[in-house]
Every structure is written in structure tokens, then in C-alpha cells.
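Each remark here refers to the structure printed beneath this line.
In this chain, numbering begins with 1 at the start of the sequence shown.
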Amino acid sequence: MFVLDNRVQPYAWGSARAIPDLLGAEPDGGPQAELWIGAHPSAPSLAAPAGGGAPRPLDEVVAADPAGVLGPQRRRDRLGFLLKVLSAAAPLSLQAHPDRATAQRRYAEEEAAGVAPDAPHRLYRDDEHKPELLYALEPFAAVAGFRSPAAARELLTGLDLPPLPPAADHLLTGLLHDLAGADDGAALRAATTRLLDAAEDATAPLVGAVATACRDLDDDSARCVALLAGHHPGDPGVLASTLLNQVRLAPGQALYLPAGNVHAYLSGTGVELMASSDNVLRGGLTSKHVDVPELLRVLDFRVLPPPLLPPRRVSDDEELFAPGDVDDFALSVLRVRPGARTRWERAVPRALLCLEGGVRVASTAGEVDLARGRSVFATAAEHPLTLTGSGRLVAAGPGGA
């Protein structure tokens with residue numbers, strides 16, 4: 001087993017306190033947005049052998065012995081999942097992720113075109129898809145997936161708007177026309193395209209007027225518009241949020257975002273688990289590179305319910321969050337009680353993170369004591385795994401783990 005030292009990503013939207021609190025560290029005053037636990041080459045965890053020895057980046061550990069680390073379930077000789085703790089004090093970008101076939105094709109095209117891996121306009125950093133789930137550690141808010149265009153139209157037509165400049169009025173008229181279409185998918189595609197392609201002289205005054213009209217409404221979508229406009233005034237993504245489901249997670253609930261699901265996290269802290277990819281296509285609500293045509297190509301414009309992921313109860317002390325359409329990852333949430341033993345027989349790699357209390361992780365290679373905020377990586381060769389102590393942890397592994 002390997003004891004992990006994980007990198008914190010200081011993205012501007014991050015909370016200053018949640019991740020330091022989990023790690024038992026003093027906040028440094030800056031944002032600490034994501035704690036990466038895994039082998040993604042952009043920010044691999046440092047892995048120190050539990051029995052002693054010099055730490056190495058986890059991606060190097062995997063590359064040195066892929067069969068022993070990943071086991072027979074390995075694909076392409078690299079760890080297929082990435083575990084994170086995400087803490088948002090401000091909204092993230094409006095975004096979606098590609099499916100695997102698109103990622104492979106477009107990554108190869110950008111490589112052939114000589115686009116530098118770290119270029120700001122680079123869209124595909126790797127050739128993998130990036131489905132993801134988020135398990136809430138505290139109340140968590142997001143917008144995700146398209147809702148009925150009729151609901152968005154009802155909100156917009158019910159607003160008390162002032163007279164608009166011609167360009168903004170033309171944009172609103174066209175948007176309402178799009179949303180009245182008979183086919184929901186076509187209506188949402190047309191409305192999204194119109195909003196994200198519109199010129200600033202149309203979007204900025206319309207966003208401002210809609211946000212002002214929404215401030216005092218008792219409606220989740222209206223409150224979301226006001227929130228987003230406060231962070232990104234004039235951004236077309238503010239209006240695009242009216243097309244999306246409002247998602248509110250209580251602690252212990254999870255959502256799942258497959259390829260093509262447009263979304264933006266708004267606030268809260270959670271454990272995020274995804275395929276090991278950094279492919280993000282953005283359409284707004286960000287200062288980073290936005291590529292509207294590429295985003296529109298990957299979006300799923302079907303009307304969908306809020307993307308909640310119910311758990312499967314494995315036992316009284318274990319819940320398993322496992323999407324049914326991908327095998328890259330699954331998340332176990334475990335309560336370890338004094339005197340009890342949790343035993344896993346299946347030989348797969350797992351990353352384990354202690355959320356509270358203290359848990360001992362024992363394998364054929366030895367044992368490690370995990371306190372709150374500490375993590376360990378167990379290879380496929382180290383099984384069975386046995387957990388004892390008193391606490392709560394999450395364990396990430398391949399699908400069905």
C-alpha cells in the first residue's frame with residue numbers, strides 16, 4: 001500500500017476553509033478548490049510505500065507495474081479513475097464533457113495540429129471521456145441537465161422587464177420563439193445556440209434586466225440567475241441557467257453527470273469521482289477559454305430529470321454509488337464501527353480517504369492507520385483489504401467495486 005500526499009488546486013472559485021479543515025491544516029487565506037487523489041499526470045499524488053521508502057508520483061508507480069497495480073481489470077495501463085474533494089465558494093463554469101470516441105478523435109486532431117498541451121485554447125488534454133459523480137459532504141447546489149423548455153419560457157415571460165435596447169429585445173424575442181418549439185430537443189438546441197452565440201451588446205443588457213427582475217422572486221431558477229449575475233455580470237451563461245434543472249443535494253446524496261450533460265456547480269463541498277481525464281468544454285461563467293461550437297457539438301439536448309444517483313445498500317454500513325453506463329469508477333461510502341470488520345476480497349486498485357474518526361486499513365502488504373483527511377492507495381495485488389477502527393471513509397475503485 002501507499003500513503004498519499006495529494007495536491008490542492010487553488011482555483012479562484014474555491015473555498016478558503018473546507019479542504020484545510022478536512023486536512024487539519026491552517027487556511028492560507030487563498031482559495032483551495034480541489035484536492036486531487038489519483039494518478040492523473042497533471043497533478044499526481046505522491047505515493048510513499050507504507051513500509052517505508054521514498055515517495056514517487058502515483059502515475060510512475062502505475063507505469064512501473066501496471067499489472068500488479070491495476071490487476072486484470074486494467075485498461076490501457078493507467079488508473080482509470082480520479083478521486084477529488086471539491087469545495088466551491090463561487091459558481092464554476094458552464095461546461096460539459098465529451099464521450100470517449102469524441103475525446104479520442106479530437107485529441108488526435110489537436111496533437112496532429114501541434115497544439116501545445118498547455119495552450120490556453122487547447123480543448124482536449126487527453127483522449128479519455130470524463131463522466132463524473134459528486135457525493136455531497138454538506139448541502140450542495142448545482143444546475144445540471146436540460147429541463148422542459150416550457151418551464152424556462154414560463155419564467156422569462158413572467159418577468160417584469162423594463163424596455164430593452166433593440167439588440168437585447170431581439171435576442172429575447174428570438175429566445176422565446178425558440179422555447180415555444182414543438183420538439184423539446186430542437187427548442188433547447190436552438191435556444192442554447194442563440195444565447196451562447198449572441199453578441200455582447202445583446203446579452204449584457206438582457207442579462208442585467210433579467211437578473212434584476214429575478215432578485216425578489218421565490219423561485220430556485222430565479223435565485224440562480226441573480227446569484228450567477230452577481231459573479232458574472234452580462235455573461236450569457238446566466239440566462240442559459242434558466243434552461244437547466246436546479247439540483248440541491250443534502251449531505252449523503254449524490255449526482256451523476258454522463259457525457260454531454262451540461263452543468264455548473266454553484267456551491268458546497270463534496271467528494272467527486274470521475275474518469276481520469278481533464279477534458280472540459282466551457283460555454284460561459286468563466287474567464288477561461290470558451291469554445292461554443294465545440295460545446296454545442298457534445299451537448300445532450302434531451303429533457304432529463306435532475307441527475308440524482310441513488311446508492312445501492314451493500315450492508316448496514318456500506319453504500320455503493322455506481323453509475324450503470326460506465327465501468328471506470330464506483331464510490332463506496334463506509335461507516336466503520338468499533339469491533340466490526342469490513343473485508344473486501346475483489347482484487348482491484350482502490351483509493352481510500354478518511355472523512356472522520358480513525359480507520360486502520362490492512363492488507364497482505366501491511367497496514368496503515370488513517371486519520372481524518374488522510375488517504376491511502378491499495379493496489380490490486382494487495383487483497384483482501386480489511387478495515388477496522390471507528391470512522392467514516394470513502395473508497396474509490398473501478399466500476400462495481
More than 12 heavy atoms of other groups within 6.0 Å of R302 CZ: no

So, taking the atom named CG in N6 and the one named CG in L46, what distance separates them when rounded to the nearest 0.5 Å? 8.5 Å

If we ignore angles and hydrogens, is there a donor and acceptor under 3.5 Å between the side chains of T286 and S93? no

A side-chain contact here means heavy atoms from C-beta on lying under 4.5 Å apart; do H129 and T102 qualify? no

For the side chain of E60 and the backbone of P57, is there at least one donor-acceptor N/O pair under 3.5 Å apart? no

Sidechain-backbone polar pair: D219 side chain, L155 backbone, donor-acceptor under 3.5 Å: no

Is the count of non-hydrogen atoms from other residues, nucleotides or ligands lying under 6.0 Å from H289 atom NE2 greater than 12? yes

Hey, does the side chain of D127 reach the backbone of R105 with a donor-acceptor pair shorter than 3.5 angstrom? no

Kindly determine whether L134 and V271 satisfy side chain to side chain contact (heavy atoms under 4.5 Å, CB included), including the steps that lead there. CA-CA 6 Å; L134 186 132; V271 171; over 6 Å; no

Does the pair D328/R100 count as a salt bridge with the N-to-O cut at 4.0 Å? yes

Heavy atoms of D59 and A39 approach each other most closely as CB-O, 3.3 Å

Side chains of residues 207-214: which donor-acceptor pairs under 3.5 Å do they make with residues two or more places apart or in other chains?
from : atom 1 : to   : atom 2 : distance (Å)
T212 : OG1    : G208 : O      : 3.0

Does either side chain, that of D5 or that of S45, offer a donor lying less than 3.5 Å from an acceptor on the other one? no

Taken to the nearest 0.5 Å, the spacing of S87 OG from I19 CD1 works out to 5.5 Å

Nearest 0.5 Å please: distance from the OG atom of S276 over to the CG atom of L79. 6.0 Å

Measure from the side-chain N and O atoms of N245 to the backbone N and O of L304, and report whether any donor-acceptor pair falls under 3.5 Å. yes

Which atom names give the shortest non-hydrogen contact between A395 and L334, and what distance separates them? CB-CD1, 4.2 Å

Could you tell me which non-hydrogen atom of S42 sits nearest to which non-hydrogen atom of D278, and how far apart they are? OG-OD2, 4.4 Å

Would R7 and H40 satisfy side chain to side chain contact (heavy atoms under 4.5 Å, CB included), going step by step from the backbone distance to the final call? CA-CA 11 Å; R7 191 180 304 182; H40 194 282; over 6 Å; no

Without hydrogens or angle criteria, can the side chains of N261 and H97 be said to hold a donor-acceptor pair below 3.5 Å? no

Provide the closest heavy-atom pair for P66 versus A63 in the form atom of the first, atom of the second, distance. CD-O, 3.4 Å

Salt bridge or not between E356 and R372? Use side-chain N to carboxylate O under 4.0 Å. no

Can you confirm whether R17 is buried at CZ, in the sense that more than 12 heavy atoms of other residues, nucleotides or ligands lie under 6.0 Å from that atom? no

Using a 4.5 Å cut-off on heavy atoms from C-beta on, say whether the side chain of L133 contacts that of L255. no

Are the charged groups of E345 and R343 less than 4.0 angstrom apart, N to O? yes

When the ring planes of H263 and Y265 are compared, do they come out parallel, tilted or perpendicular, using 30° and 60° as the limits? tilted

Donor-acceptor check, side chain of Q95 to backbone of V280, threshold 3.5 angstrom: yes or no? no

State, with a plain yes or no, whether a side-chain heavy atom of L228 is found less than 4.5 Å away from one of D235. no

Under the 3.5 angstrom rule, does the side chain of T193 hit a backbone N or O of A190 as a donor-acceptor pair? no

Donor-acceptor pair, side chain of R346 and main chain of H383, under 3.5 angstrom: no

Answer yes or no: does atom CD of E200 have more than 12 heavy-atom neighbours from other residues, nucleotides or ligands under 6.0 Å? no

Restricting to side chain to side chain donor-acceptor pair (under 3.5 Å), what partner residues turn up for E367, sequence neighbours left out? R360

How about L353 and V85: do any of their side-chain heavy atoms sit closer than 4.5 Å? yes

Evaluate side chain to side chain contact (heavy atoms under 4.5 Å, CB included) for R125 paired with N279, printing each intermediate quantity in order. CA-CA 6 Å; R125 309 284 174 171; N279 288 327; 4.1 Å; yes

Residue pair L123 / L281, side-chain heavy-atom distance below 4.5 Å: yes

In plain terms, say whether D178 and R153 are close enough for a salt bridge, that is, a side-chain N and a carboxylate O under 4.0 Å apart. no

N/O donor-acceptor pair under 3.5 Å between T242 side chain and L239 backbone: yes

Once rounded to the nearest 0.5 Å, what's the spacing between atom CD of E111 and atom CZ of R106? 12.0 Å

Is it true that, when you exclude E154 itself, more than 12 heavy atoms of the residues, nucleotides or ligands shown sit nearer than 6.0 Å to its CD? no

Gap between atom CG of L22 and atom OG of S375 - 0.5 Å precision: 9.5 Å

Could you give me the CA-CA distance, side-chain angles and deciding distance for W344 and E318, then say whether side chain to side chain contact (heavy atoms under 4.5 Å, CB included) is met? CA-CA 12 Å; W344 277 320; E318 180 179 356; 3.8 Å; yes

Between H121 and V115, is any pair of side-chain heavy atoms under 4.5 Å apart? yes

Nearest heavy-atom approach of L23 to G373 is CD2-O, 3.4 Å

Would you mind checking if R122 and E110 are paired as a salt bridge, meaning a charged N to carboxylate O distance below 4.0 Å? yes

Give me the ring orientation class for F377 and F2: parallel if the planes are under 30° apart, tilted from 30 to 60°, perpendicular past 60°. tilted

Answer whether the closest heavy-atom distance between the side chains of D317 and T342 falls below 4.5 Å. no

Atom pair CG (L164) and CG (L171), whose distance is rounded to the nearest 0.5 Å: 9.5 Å

List the steps, then state whether side chain to side chain donor-acceptor pair (under 3.5 Å) holds for Y135 with E319. CA-CA 11 Å; Y135 171 81; E319 290 185 320; 5.1 Å; no

F140 vs V247 side-chain heavy atoms within contact, under 4.5 Å: no

Could I get the full list of side chain to side chain donor-acceptor pair (under 3.5 Å) partners for Y256, not counting sequence neighbours? D325

Does a sphere of radius 6.0 Å around NE2 in H231 hold more than 12 heavy atoms from other residues, nucleotides or ligands, not counting ones at 6.0 Å or beyond? yes

Which pair of heavy atoms, one from V143 and one from C224, lies closest together, and at what distance? CG1-SG, 3.8 Å

Any donor and acceptor pair, going by atom type alone, linking the side chain of E382 with main-chain N or O of T379 inside 3.5 Å? yes

